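The structure presented is a predicted model; accordingly, all values stated were derived computationally and were not measured.
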Amino acid sequence: MQPSINRIGEVYEPFKVRFLERPIPPLAPDEVLVRVKASAICGSDLHIARGLHPSAPLPVTIGHEFSGDIAAVGSDVRKVKVGARVTVEPCIVCGKCDACRHGQYGYCEQISFTYRNGDGAMADYVVVKEPYVYELPDYLTYETGALIEPLSVATHAVRRADIRLGETVLIIGAGAIGMMVASMCRRSGAAEIIIADFSDQRLEMALQVGATVAVNSGREDLEEAVARITHGKGVDKSFECVGRESCFLQAIMTLKRNGTATIVGIYEKPQVQFPASRLVTHEIHIQGAQGYCWDFPIAIAAARDIPLEKFITHTFPLGQLQQALDTALDRNSGSIKVILKP
């Protein structure tokens with residue numbers, strides 16, 4: 001029998017959480033009900049917690065990196081059965097626009113994500129559409145299965161950047177996404193993977209999961225460090241994984257001629273200034289990467305060889321969501337991935 005009540009954790013004003021109970025509606029024929037077993041706090045959740053996410057005004061139920069068990073299925077569901085261990089691609093697309101009809105649902109004209117519609121995974125249950133549910137292989141636990149979503153974000157960014165054998169890459173920001181980008185760049189054949197951050201702890205971990213060179217940009221000028229490492233040439237590709245104007249500038253100024261910068265960070269202050277002449281004199285390319293499109297299966301396969309458990313630094317019961325958010329927001333906590341377990 002389908003459960004009737006769902007407990008959800010909602011950020012109702014900046015830095016403040018409350019729990020609510022809401023009825024679980026009857027499932028549509030193509031929907032499944034997932035009993036959440038593990039849900040991770042993402043960088044975008046922290047933007048929401050500050051009240052600064054451009055697409056998710058408060059109040060909102062956060063959480064979109066999660067795994068769990070199928071608790072109930074709609075009448076037309078055939079892909080998964082009750083009891084299956086799964087992770088979920090938490091996007092919402094129309095299926096009717098030109099992009100969707102061409103199989104490029106990541107460019108859907110009305111794309112959204114489950115948490116933006118109030119169906120976040122900091123809850124006991126989440127209702128999702130059948131096509132976006134993926135069974136977890138035996139080598140993934142519920143905890144590491146919850147990290148397939150951020151690994152898919154990194155996968156999408158690396159695929160868009162078209163990383164090739166022997167290239168030199170710069171990643172700005174050694175958060176979870178930045179480190180996962182490093183892992184996927186290594187799998188794609190990059191020869192030198194430079195990662196920059198202010199935290200020695202994060203940089204040390206980045207070296208364990210794929211980066212080859214770490215630069216503490218709080219102690220060393222990053223542009224000078226990249227010039228030294230690349231003998232003045234610059235990097236083939238760069239990834240901005242922070243969401244700050246200064247990092248945007250570093251991402252484009254460290255590129256070699258004809259290089260490509262991929263912008264992944266979420267900008268709380270969306271306006272940036274940069275020397276436009278660089279586009280002409282160096283013929284550089286600047287592109288963005290949001291979410292995923294056919295990236296989940298690739299990320300699940302790649303996860304066999306990526307030590308995702310290293311990213312998990314803190315675990316809390318769901319009832320301690322406030323403490324979990326405080327930990328994730330505290331720069332001195334050493335947190336990388338904070339997991340909630342209902």
Side-chain angles (χ1 to χ4, degrees), residues 1-28 31-51 53 55-74 77 80 82-92 112-130 132-134 136 141-150 312 314-329 335 337-342:
M1 181 181 296
Q2 178 181 319
S4 59
I5 298 296
N6 192 17
R7 175 185 55 152
I8 65 170
E10 180 183 78
V11 179
Y12 66 97
E13 59 183 58
F15 308 107
K16 292 186 179 180
V17 170
R18 65 186 174 194
F19 283 91
L20 305 172
E21 288 190 349
R22 290 180 178 166
I24 300 174
L27 295 179
E31 290 180 336
V32 303
L33 181 67
V34 179
R35 179 184 294 110
V36 179
K37 289 290 190 177
S39 182
I41 294 177
C42 172
S44 60
D45 293 326
L46 301 184
H47 290 295
I48 293 171
R50 296 185 186 100
H53 194 295
S55 303
L58 301 181
V60 68
T61 305
I62 61 172
H64 56 279
E65 304 177 357
F66 68 102
S67 66
D69 295 329
I70 299 295
V73 300
V77 171
V80 289
V82 171
R85 300 169 63 248
V86 299
T87 189
V88 174
E89 182 175 358
C91 62
I92 301 171
S112 186
F113 297 88
T114 53
Y115 67 96
R116 296 183 186 177
N117 283 19
D119 208 3
M122 297 304 173
D124 290 328
Y125 296 94
V126 178
V127 176
V128 295
K129 297 288 187 181
E130 176 191 24
Y132 303 102
V133 175
Y134 295 85
L136 292 178
T141 65
Y142 288 116
E143 291 79 8
T144 55
L147 301 188
I148 291 300
E149 195 276 348
I312 301 169
H314 298 76
T315 302
F316 293 87
L318 179 60
Q320 294 181 15
L321 176 57
Q322 184 71 63
Q323 295 93 315
L325 273 175
D326 292 342
T327 299
L329 286 162
S335 66
K337 273 297 175 186
V338 177
I339 296 283
L340 278 299
K341 302 181 73 172

Give the minimum heavy-atom separation between [X] and [Y], together with the two atoms involved.
X: L147; Y: I312; result: CD1-CG1, 3.9 Å
X: L329; Y: A49; result: CD1-CB, 4.4 Å
X: G83; Y: D69; result: O-OD1, 4.3 Å
X: V128; Y: F66; result: CG1-CZ, 4.5 Å
X: E65; Y: C42; result: OE2-CB, 3.1 Å
X: A324; Y: V338; result: CB-CG1, 3.8 Å

**Report entry** L136 and T141: CA distance, side-chain angles, deciding distance, side-chain contact (heavy atoms from CB on, under 4.5 Å) verdict
**Finding:** CA-CA 8 Å; L136 292 178; T141 65; over 6 Å; no

Requested in this report: Verify side-chain contact (heavy atoms from CB on, under 4.5 Å) between F113 and H64, making sure each step is shown before the conclusion.
Outcome: CA-CA 8 Å; F113 297 88; H64 56 279; 5.9 Å; no

Exam field: side chain [X] to backbone [Y], donor-acceptor pair closer than 3.5 Å:
X: D124; Y: N6; value: no
X: D45; Y: I62; value: no
X: E10; Y: M122; value: no
X: S67; Y: Y142; value: yes
X: Q2; Y: P25; value: yes
X: K337; Y: I41; value: yes

Report task. Begin from the C-alpha positions of L27 and V77 and carry the test side-chain contact (heavy atoms from CB on, under 4.5 Å) through to its verdict. Result -> CA-CA 11 Å; L27 295 179; V77 171; over 6 Å; no

Requested in this report: Calculate, to the nearest 0.5 Å, the distance between atoms CG and CD1 belonging to L33 and I70 respectively.
Outcome: 8.0 Å

Report task. Would you please name every residue forming a side chain to side chain donor-acceptor pair (under 3.5 Å) with E31, sequence neighbours left out? Result -> none

Query raised in the report: Can you tell if the side chain of P342 reaches within under 4.5 Å of the side chain of R35, non-hydrogen atoms only?
Result: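 No; the side chains remain at least 4.5 Å from each other.
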
Query raised in the report: Are any of the side-chain heavy atoms of V36 and L318 separated by less than 4.5 Å?
Result: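 No, too far: nothing below the 4.5 Å cut-off.
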
Query - Worked check of side-chain contact (heavy atoms from CB on, under 4.5 Å) between T114 and V88 - result: CA-CA 10 Å; T114 53; V88 174; 5.8 Å; no

